[in-house]
Amino acid sequence: MAGTLLQLTVNGHPQTVWIQDKTTLLEVLRDGLGFTGTKNGCAVGQCGTCTVWIDGVSRLSCITLARTVEGRTVTTVEGLADWWRERHPEDVYHPLQSAFVAEGAVQCGFCTPGMTMAGAALLQEIPHPDREEIREALGGHLCRCTGYEQIIRAVAAVGDRGKEDVR
Amino acid sequence: MSKMHEVEAKPTALLDTMPRIDAWDKVTGQALYADDVRWPHMAYGFLIRSPYAHARVVKVDIEAVRGLPGVLAVLCGPGSVAAYGIMPSTQDEHALAAKKVCYLGEPVVAIAAETLHQAEAAASKVVVEYEVLRPVLHPGVPKSHTALVHPEHPTGNLFKAVDLEFGDMAGGFLDAWTREDRFFYQGNNHVAMEPHAVLAYWRPDGKIEVSSSTQAPHYVQRELARALDVPDYRIRVVAPVIGGGFGGKSEAFPHEVAAVLLSRECGRPVKITLSREEVFYTHRGRHPVSMRVRTAIGPAGRIRAMEFDTELDGGAYGSYGIASTYYTGALQPTTYQIPAYHFHGERWYTTKPPCGPKRGHGTTQPRALLEIHLDRMARALRMDPIALRRQNLTPPHSVTVNQLEITTSGLAECLDAVEARSGWRERRGQLEPDRGLGVACSSYLSGAGLPIYWNPLPHSGVRLAVNRDGGVQVFCGLTDIGQGAQTILVMLTAQALGIDSQRVRVYTADTGMTPVDLGSYSSRVTMMAGNATLQAAERMAALLLHVAAERMGVAEVDVLRKGEDFLVPMADRITPWDDVVKWAEEMQGPLSTVGGYTPPPALGRYKGSGVGPSPAYSFSACVADITVNTRDGRVTVHHLWVAHDLGTPLNRSMVEGQIRGGVVMGLGEVLMEAQAFNPDGRHRGPHLLGYRIPTILDVPEIDIVLVGEPEPRGPLGAKEVGQGPLNPVIPAVINAISDAVGIDLTETPITPDRILRALHKQERGRAQ
Ligand code: FES
Ligand code: FES
């Protein structure tokens, strides 16, 4: 089988993985590198559980071909806290992670990695999002457990941290 | 903005704001779900599934596959040594179809290979010859022998018929005003976000290790033992972190049996993970049910008698079908007093994925019709729908006509709450055109009173240990499927022992390590595992008190607790928890207590009386505020008010999450979800675009009110909350649509085309 070597940075560390033409980024992360925090809820771009950041932009890793991320930087839920700490050494975790815990936004947790990555990306873009902006940003992320309200509250709570800039 | 309203002065447990103990693992990506678990040198399994809904398997040629790159094992039917199934009386499943396939997607061949891609590539080389038969898509007596799903089944395609009668039916209907209504409730899928996955290892010593996304490890262990003809004790089933269940992971599945068998063949651990499409074909979700109800009403709107018929489209195999069938008749009398009641239920085999339990198991469909029916009667009688319901409420501390024992009930308060908060009296009938308000009630079990297989043993067992490090370990077979069961156990243990919750660790869902708990279904875990935990913890508390008294040389009554400390005020002595624990170990050896819970005996003594009893029932009511767009048929839900009686709420945040999740799932069922099939038996859309579930954009404002009093049988007064709040949402929305535009809908989901059709029909009726 034809294959090729892929080089990329995942959660701050350079990685080299052997991939096939059709290997997805999700497969690289979960099966190749063991970053199983990123979930596979559908494999075809319809649920949002596989959301990661590619160069800081939130993307569905299940429909991202691995060969398209050559040389790029990927952040997964496992690396979210590190990413935040680099910019905010006073914190151990991303405030959205703490907010998800505090607001009861987590039930089974299967949607949580995708939700947190998408929510954190939103907060980068819009530091103080209102409800509508939050709903808009998470519109493609399915959660079967929570009814979404506590997730909205968690994102809003971080946005409400007033003067504190979440960037 | 949605708010959580509380009824004042509610007694609550001390730790009711504690965050879930597994939340951090889930937000950091540390939590390991079944597909995340890896065992050394594991192989990947893949199932070849039938492309036909109904066919004879003529020939399976697996020889071509052996020796292909990476292929380690290949198996064809029947796979299992004996037929198995969750209900002891209907064991009709095999892991792999040998002679016949009875639904599209039924597994026929299992392959294990070094990689998933190799397994899939090998699968394309397997040749299976089928003789295609006509699919059986609807309940009913078939015209020809070839349309029998299981030709050996004694009653043809009729899986099971049940019939129950209570009270004086003839008298009830005599000289009474009656009304009859019919409804078809479409089937739907759980759509837990985590697709099923299993990792199985047949060890060289013959012991079998299984890690599977299951709600009921104990039942999976039992079923595997039967399917494989291996003693139970050789099988260990562990449920890792579970990404939602909702009933869809409550029994053994073909992929679980197949993974074990493949592992035996190749000597390596084998993982099988289902795709989303496979989940839709594996199903075990809500049964499609055709229903008919006829009620006799007396003066002042009192129900005199009711007959209720249900016809369940069961799909290809039994699953929980007998229980599902009885449940379609069981809980009508828990909300309303019905002096005479006749129930007839039938479940039919069809060649579709088997149906089973989904949140609300078997009670959701009849609840929808019953509440719609009540509204239509209220309209005919020119009564307010809430007033009609109030006339008929089953009182607290009573026994229903079908011998169910009702303890506490806050149903009247539920109605009061949603009536007041929705502005029902002021607003109903005064709304702008095409906008309406609808109401519905419901009730659900706090755990099934009887186990799936008859046995006199506890339904839940807990072993509790206190270590010299001052920590407490709680072992219980329950499964946390996302509802927060582990957290509840920590809270109850900490509360009963008077210690910080940080000291408590829970070990769950492992048949090799924990005492049996029957599993996470029927909203039973807080009630049953909770009570078992309290018993074990109270025994431990007593033991420690005894030790403390003895060592301090005083009587037990002289020892008080202050925080974690043991206090003897008269001697002015304070001994910390850690010291008492060491004393106790010194005197008694390693410290351990046990607790168990068995529900109170059911009152009914008739055949079928095993389905319906529960230690206690939750109650709910819902008002929906909606607008119908009469041009495009779309329904906008503006607001839902939900009141729920769950006794004492143990953890407010988790209670709120359960209610919101259930309510939104109900919204999906009523407005968008359908597990529907094409004439060839193919699912109409086995993916999340074809089968839409509510997104964040579909959720209206939801106001939640908690009512009720502590339930004496519940742990610290708690009743269930996981399933009940789903049920009233569906009929409340349908009743609101009737209120808005005056149409009577006859089936779910209420899609725009159905609304438009009903509106046209209404117009034609008016024109004539
Ligand atoms: S797994 Fe990628 S969107 Fe569902
Ligand atoms: S928490 Fe279970 S899917 Fe969102």
Side-chain angles (χ1 to χ4, degrees), chain A residues 1 20 22 27 30-31 34-47 49 76-81 93-94 96-113 115-116 131 134-153, chain B residues 1-2 19-20 22-33 35-38 115-117 190-195 241-246 273 275-277 480-484 651-654 656-665 667-668 687-689 693-697 699 702:
Chain A
M1 255 192 274
Q20 308 294 326
K22 287 191 182 147
E27 289 168 332
R30 286 183 57 82
D31 305 335
F35 287 110
T36 53
T38 306
K39 301 300 178 206
N40 178 355
C42 73
V44 289
Q46 298 169 352
C47 75
T49 60
T76 71
V77 68
E78 290 96 335
L80 181 61
Y93 297 102
H94 191 289
L96 189 57
Q97 293 175 309
S98 315
F100 262 64
V101 175
E103 297 290 339
V106 179
Q107 285 188 34
C108 82
F110 205 78
C111 70
T112 307
M115 288 282 186
T116 24
R131 274 181 82 85
I134 296 169
R135 281 160 52 109
E136 192 73 20
L138 299 181
H141 293 258
L142 299 178
C143 172
R144 192 58 150 170
C145 299
T146 63
Y148 302 104
E149 174 63 27
Q150 286 152 304
I151 293 174
I152 298 178
R153 276 186 219 151
Chain B
M1 191 136 310
S2 305
R20 303 172 58 103
D22 52 354
W24 274 110
D25 278 354
K26 289 173 175 177
V27 295
T28 51
Q30 295 296 322
L32 292 179
Y33 298 72
D35 187 48
D36 303 340
V37 179
R38 292 171 144 253
T115 69
L116 184 56
H117 291 295
H190 322 84
V191 195
M193 291 318 297
E194 178 206 24
V241 180
I242 305 297
F246 313 112
T273 303
S275 68
R276 178 59 62 189
E277 184 178 11
D480 196 325
I481 56 174
Q483 82 278 45
N651 182 310
R652 269 156 210 275
S653 170
M654 284 174 13
E656 180 181 359
Q658 284 301 308
I659 295 179
R660 288 188 183 281
V663 166
V664 170
M665 190 177 276
L667 265 188
H687 41 76
L688 297 170
L689 278 188
I693 65 169
T695 70
I696 202 167
L697 299 165
V699 176
I702 300 168

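What you see is a predicted model; the values in this text were computed from it and never measured. What you see below is based on every heavy atom in this structure, not just the backbone, and it leaves out hydrogens, waters and symmetry mates. In what follows, chains carry the letters A, B, and so on, assigned in the order in which the sequence lines appear, proteins first and then strands, with residues in each chain numbered from 1.
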Looking at CD of A:E149 and CD1 of B:I659, how far apart are the two atoms once the value is rounded to the nearest 0.5 Å?
13.0 Å
State, with a plain yes or no, whether a side-chain heavy atom of A:F110 is found less than 4.5 Å away from one of B:P195.
yes
Check whether B:I481 gets within reach of chain A through its side chain, its backbone, both or neither, counting any heavy atom under 4.5 Å.
backbone
Evaluate the ring planes of B:W24 and A:Y93, with Trp represented by its six-membered ring, and classify them as parallel (under 30°), tilted (30 to 60°) or perpendicular (over 60°).
tilted
Between A:G37, A:G147, A:C108, who has the most heavy-atom pairs with chain B when the cutoff is under 4.5 Å?
A:C108
Looking at A:A43, is its backbone amide N or carbonyl O close enough to the side chain of B:R276 to form a donor-acceptor pair, meaning the two atoms are under 3.5 Å apart?
no
Looking only at A:V77, A:V101, A:I151, A:T146, the option with the highest number of non-hydrogen pairs under 4.5 Å against chain B is A:V101
d(B:I696 CD1, A:I134 CD1) to nearest 0.5 Å is 8.0 Å
Minimal heavy-atom distance between A:G109 and B:Y33, with the atoms involved, is C-OH, 3.1 Å
Would you give the length of the straight line joining atom CD of A:Q20 to atom NE2 of B:H117, rounded to the nearest 0.5 angstrom?
7.5 Å
Among A:G140, A:G139, A:A105, A:P113, which residue forms the greatest number of heavy-atom pairs with chain B at distances under 4.5 Å?
A:G139
Any B:D36 side-chain heavy atom under 4.5 Å of A:R30 side chain
yes
Go through the side-chain N and O atoms of A:Q107 and B:Q658 and say whether any donor and acceptor fall under 3.5 Å apart.
yes
So which atom in B:S653 and which in A:G104 form the shortest heavy-atom distance, rounded to 0.1 Å?
OG-CA, 3.4 Å
If I measure from the heavy atoms of chain B, does A:T38 come under 4.5 Å with its side chain, its backbone, both, or neither?
neither
Kindly compute the distance separating CZ (B:R660) from SG (A:C143), expressed to the nearest 0.5 Å.
12.5 Å
For the CD atom of A:Q150 and the CE atom of B:M654, what is their distance to the nearest 0.5 Å?
10.5 Å
With chain A, which of B:D25, B:V663, B:D480, B:L689 has the greatest number of heavy-atom pairs at distances under 4.5 Å?
B:L689
Using non-hydrogen atoms only, which part of B:H687 is less than 4.5 Å away from chain A: side chain, backbone, both, or neither?
both
Under the side chain to side chain donor-acceptor pair (under 3.5 Å) test, which residues partner B:T695, sequence neighbours left out?
B:D698
Region of B:V664 that comes under 4.5 Å of a non-hydrogen atom in chain A
side chain
Under 4.5 Å from a heavy atom of chain A, the part of B:T28 involved
both
Sequence neighbours left out, what passes side chain to side chain donor-acceptor pair (under 3.5 Å) with B:T273? Give chain and number order.
B:D35
Under 3.5 Å: donor-acceptor pair, side chain of A:R144, backbone of B:P694
no
Go through the atoms of A:D31 and report whether side chain, backbone, both or neither lie under 4.5 Å from a heavy atom of chain B.
both
Note: A:L142 and B:M193 closest approach over all heavy atoms is CB-CE, 3.8 Å
For B:L667, is it the side chain, the backbone, both or neither that has a heavy atom under 4.5 Å from a heavy atom of chain A?
neither
